[in-house]
Amino acid sequence: ATTSPVVVSMHAAGIEVKTRIFTHIIGVLTLLCAWRFFSGYFPKDFNLLLIGLVALNPVFSFATYVTVLDSIVFLFMFISLRQIAVYLEQKRIRSLLWAGVWFGVGNAVKYPLFLWLAPIAFLFLYFQREENARFLKDYGIYLATSLLVTFVTALVVSNLISSPGFAFAL
């Protein structure tokens with residue numbers, strides 16, 4: 001059996017190289033998710049410019065080069081926003097629940113996501129609303145789902161080391 005030179009070099013590489021490759025992959029996935037989200041709202045040329053500016057943004061560049069957590073949070077943010085956009089197009093509650101799940105997982109990874117994604121989602125749903133009662137219900141479902149996922153994830157992680165059986169049962 002022949003082993004690929006890439007596989008051999010990855011096994012020989014240190015943790016820093018592996019982490020940087022992983023963060024770059026997360027960065028590319030984030031840009032793709034951002035492209036998918038913005039493509040529903042902007043023309044193709046402007047969308048390309050917008051994604052290029054995001055890629056050149058020092059905060060994004062630093063996050064995808066140095067830290068894993070920020071990159072993943074950006075990824076979950078764009079996935080959640082895209083799911084809200086799908087919900088607004090198709091009016092299927094499943095999309096809104098998935099948006100809340102992605103928000104909750106991202107919030108469990110790094111809780112400051114709540115500080116900027118909750119208001120963004122609020123405004124996004126508010127300006128696309130058809131009626132006020134439905135807007136409040138939709139936002140309530142989104143927040144409740146996200147908080148439930150956040151707390152369950154935190155509970156599982158906190159009990160994982162002390163009681164792996166209890167954590168896996170959750």
Side-chain angles (χ1 to χ4, degrees), residues 18-41 50-51 54-55 57 59-60 62-170:
K18 292 176 185 175
T19 302
R20 291 188 195 260
I21 290 171
F22 179 73
T23 57
H24 282 65
I25 291 169
I26 294 295
V28 169
L29 288 173
T30 302
L31 291 174
L32 289 173
C33 288
W35 169 270
R36 183 73 177 116
F37 170 69
F38 290 126
S39 67
Y41 300 99
L50 184 64
I51 298 304
V54 168
N57 184 336
V59 173
F60 184 78
F62 181 77
T64 57
Y65 183 70
V66 177
T67 64
V68 177
L69 295 179
D70 292 337
S71 310
I72 291 174
V73 169
F74 288 142
L75 178 64
F76 288 139
M77 177 185 74
F78 282 117
I79 292 173
S80 179
L81 288 173
R82 176 64 188 147
Q83 284 300 121
I84 291 174
V86 169
Y87 168 73
L88 292 171
E89 291 169 7
Q90 300 174 354
K91 299 296 183 204
R92 290 193 331 223
I93 197 74
R94 185 175 74 200
S95 296
L96 189 61
L97 291 172
W98 273 112
V101 167
W102 290 116
F103 179 31
V105 172
N107 200 32
V109 170
K110 195 166 185 181
Y111 69 89
L113 177 65
F114 188 83
L115 298 176
W116 75 80
L117 187 52
I120 290 171
F122 178 87
L123 293 173
F124 194 37
L125 286 168
Y126 179 78
F127 286 115
Q128 299 287 330
R129 75 187 185 285
E130 293 172 0
E131 55 188 61
N132 289 338
R134 183 174 179 113
F135 155 71
L136 291 174
K137 181 187 83 158
D138 291 348
Y139 191 65
I141 290 171
Y142 177 72
L143 278 185
T145 304
S146 68
L147 292 175
L148 178 67
V149 169
T150 301
F151 291 130
V152 168
T153 305
L155 183 64
V156 167
V157 170
S158 68
N159 288 311
L160 190 60
I161 295 173
S162 63
S163 175
F166 176 70
F168 288 123
L170 287 176

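Contact between Phe76 and Gly106 at its shortest, heavy atoms only, is CD1-CA, 3.4 Å. Across all non-hydrogen atoms, the minimal contact from Ser95 to Val86 is OG-CG1, 3.3 Å. Looking at every heavy atom in both residues, Phe78 comes nearest to Cys33 through CB-CB, 3.9 Å. In terms of heavy-atom proximity, Asn107 sits nearest to Leu113 at N-CD2, 3.5 Å. Pro119 and Phe114 get closest at one heavy-atom pair: CD-O, 3.7 Å. Between Ala121 and Ile84, the shortest heavy-atom distance links the atoms CB-CD1, 3.8 Å.
Using a 4.5 Å cut-off on side-chain heavy atoms (C-beta onward), Phe103 and Leu143 make contact. Side chains of Val54 and Trp35 form no contact here, defined as non-hydrogen atoms less than 4.5 Å apart. The closest side-chain heavy-atom distance from Tyr142 to Leu117 is below 4.5 Å. Phe122 is listed as a side-chain neighbour of Phe135, based on a closest heavy-atom distance under 4.5 Å. Two residues are said to be in side-chain contact when any heavy atoms from C-beta on lie closer than 4.5 Å; Thr150 and Thr153 fail this criterion. Contact annotation: the side chain of Leu136 never approaches that of Tyr139 to less than 4.5 Å [non-hydrogen atoms, C-beta and beyond].
With hydrogens and angles ignored, the 3.5 Å screen pairs a side-chain donor or acceptor of Ser39 with a backbone N or O of Arg36. No donor-acceptor pair closer than 3.5 Å links the side chain of Ser146 to the backbone N or O of Val101.
Looking at residues two or more places apart in sequence or on another chain, you find a side-chain hydrogen bond (donor to acceptor under 3.5 Å, both in side chains) between Tyr87 and Arg134, Asp138. Take Phe124 and apply the ring pair (Phe, Tyr, Trp, His ring centres under 6.0 Å) test, not counting sequence neighbours, and it matches Phe37, Tyr41.
Going from atom CG of Leu97 over to atom CD of Gln83 covers 10.0 Å, rounded to the nearest 0.5 Å. Within the model, atoms CG of Leu32 and CD1 of Ile79 stand 10.5 Å from one another, a figure rounded to the nearest 0.5 Å. Between Ile120 atom CD1 and Leu115 atom CG the span is 11.0 Å, to the nearest 0.5 Å. The distance from the NZ atom of Lys137 to the CG atom of Leu96 is 8.5 Å, given to the nearest 0.5 Å. Between Arg82 atom CZ and Trp102 atom CH2 the span is 14.5 Å, to the nearest 0.5 Å.
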From CA spacing to verdict: side chain to side chain contact (heavy atoms under 4.5 Å, CB included), Leu31, Phe74: CA-CA 9 Å; Leu31 291 174; Phe74 288 142; over 6 Å; no

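By the 6.0 Å contact criterion, CZ on Arg129 is enclosed, its count of non-hydrogen atoms from other residues, nucleotides or ligands being greater than 12.
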